[in-house]
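Here the structure is laid out as structure tokens; the discussion comes afterwards.
So you know, we letter chains A, B, ... as the sequences are listed, proteins then strands, and number each from 1. Since the structure is predicted, the reported quantities are computational estimates derived from the model, not experimental observations.
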2 protein chains.
Amino acid sequence: MALEHAILVSLLEKPGSGYELARRFERSIGYFWNATHQQIYRVLKRMESDGWVDVREVPQQARPDKKEYSVAAAGRAALRGWLNEPIEPESVRHDLAVKIRGAAFDEPAALISEVERHHQAHTDRLAHYLAGERRDFTGPESPGPPDPGRELQHVVLRGGIAYERMMLAWLDDVLATLHRLAADR
Amino acid sequence: MALEHAILVSLLEKPGSGYELARRFERSIGYFWNATHQQIYRVLKRMESDGWVDVREVPQQARPDKKEYSVAAAGRAALRGWLNEPIEPESVRHDLAVKIRGAAFDEPAALISEVERHHQAHTDRLAHYLAGERRDFTGPESPGPPDPGRELQHVVLRGGIAYERMMLAWLDDVLATLHRLAADR
DNA sequence: TCCTTCTATGCAACTCGTTGCATAGACAAG
DNA sequence: CTTGTCTATGCAACGAGTTGCATAGAAGGA
């Protein structure tokens with residue numbers, strides 16, 4: 001499994017509590033790796049008992065105290081080990097593709113509104129990515145050598161942008177096909 | 001869950017045994033929905049006891065007998081119900097993206113060969129898709145009204161092709177970034 | 001001849017992931 | 001003044017998914 005590795009990367013970028021991690025997974029990271037707070041709390045506990053992360057109790061006012069996690073030496077080593085292992089091409093689960101093929105056995109036109117919903121969701125996500133890119137990756141280039149972390153975050157974001165653009169083009173194709181089939185009867 | 005729906009669609013396209021389904025999931029369907037034979041056998045059994053599929057024992061020579069499954073009326077109804085429910089935007093798990101961001105905390109150049117492996121895998125998959133498209137979706141248009149099933153299979157395949165092309169372009173971008181970072185030290 | 005591969009199904013044990021629920025103080029809106 | 005939302009953590013139960021192993025005959029290659 002690799003949720004622990006995703007957590008390690010996120011904590012290396014910035015230490016935080018389980019709750020904060022869950023929010024990051026909902027936002028930026030969650031677009032290419034998702035997890036619920038339950039999973040995160042359980043895995044954090046295991047990582048703690050394995051010595052991969054250190055915990056620090058942070059008292060707060062006007063809100064519950066939190067436990068801030070940061071990566072320990074053993075965690076860094078574990079991450080390094082994982083980085084040097086080959087990984088499999090990811091396993092995909094495209095519900096929508098299954099539905100589209102399934103629509104042949106029902107009413108294809110009924111899918112149109114569903115596909116439009118997805119189109120809207122991807123439009124929103126693309127806008128969100130582009131706003132993030134403008135915010136974090138434009139402006140004058142900083143002097144001196146480039147920051148590898150920044151460069152790598154940017155190339156991952158460009159991947160997200162490319163993915164959303166591809167999806168939007170494909171969903172247009174799907175919609176055109178569905179409309180054509182609806183007209184043909 | 002939607003594995004049962006993927007199985008229903010596959011069985012509607014063509015009845016078959018658990019073993020055959022597993023092979024389909026390895027090949028065509030598995031590119032946007034994967035499952036092991038264990039999962040498939042277990043789910044088939046449940047679907048059978050729910051009356052979603054019918055079984056027929058098919059004796060064979062020179063190989064073990066098989067159970068051929070086909071979709072029953074209740075299965076068709078279940079699929080229709082699912083098709084009319086909205087689904088969530090799919091949950092993604094891009095290990096490679098996690099690795100790329102993680103590489104900032106180790107040696108970015110070490111990822112180059114890994115990314116090249118993925119590039120090769122996606123090149124192969126694209127070639128496989130394109131061969132399938134040439135085989136099944138070119139040639140003279142059949143007379144009469146178009147077959148919705150065929151059209152929908154084609155649009156899903158076009159999605160796979162678009163995905164692989166996008167990935168290849170992005171992986172080129174990733175490689176260029178990694179080489180740039182390696183040169184900068 | 002032995003070893004592997006292919007067809008075909010399945011059990012058992014385990015880990016991963018999801019869902020529902022619980023606590024509890026602070027704060028804002030109706 | 002009650003209801004809902006936000007922060008923050010967690011248990012318990014269940015369902016989904018993975019891994020290892022087992023059987024067993026036929027066919028093909030080292």
Any idea how B:Tyr163 and A:Tyr163 line up, ring-wise: parallel (<30°), tilted (30 to 60°), or perpendicular (>60°)?
perpendicular
Return whichever of B:Arg93 or A:Gln61 has its heavy-atom-nearest nucleotide of DNA chain C closer to the 5' end.
B:Arg93
Mapping A:Asn34 and B:Gly18 onto DNA chain C by nearest heavy atom, which one lands closer to the 5' end?
B:Gly18
Taking only N and O in the side chain of [X], is any of them less than 4.0 Å away from OP1 or OP2 of [N]?
{"X": "A:Lys45", "N": "D:dT9", "result": "no"}
{"X": "A:Arg63", "N": "C:dC27", "result": "no"}
{"X": "A:Thr36", "N": "C:dT19", "result": "no"}
{"X": "A:Gln38", "N": "C:dT18", "result": "no"}
{"X": "A:Tyr19", "N": "D:dT9", "result": "no"}
{"X": "A:Arg23", "N": "D:dC6", "result": "no"}
{"X": "B:Tyr41", "N": "C:dT9", "result": "yes"}

Are more than 12 heavy atoms, taken from residues, nucleotides or ligands other than A:His128, located less than 6.0 Å from that residue's NE2 atom?
no
Check the hydrophobic clustering (I, L, V, M, F, W, Y; side-chain heavy atoms under 4.5 Å; chains of links allowed) and say if A:Leu152 and B:Leu175 are grouped together.
yes
Closest to the A:Gln39 side chain: C:dT9, C:dT18, D:dT9?
C:dT18
In terms of the nearest nucleotide of DNA chain D, which residue is placed more toward the 5' end: A:Arg42 or A:Lys66?
A:Lys66
Nearest whole angstrom, please: distance from the [atom2] of [N] to the [atom1] of [X].
{"X": "A:Asp65", "N": "C:dA24", "atom1": "CG", "atom2": "C1'", "result": "12 Å"}
{"X": "B:Glu26", "N": "C:dC6", "atom1": "CD", "atom2": "C1'", "result": "12 Å"}
{"X": "B:Leu3", "N": "D:dT18", "atom1": "CG", "atom2": "P", "result": "10 Å"}

Rounded to the nearest 0.5 Å, how far apart are CE of B:Met166 and CG of B:Leu171?
9.0 Å
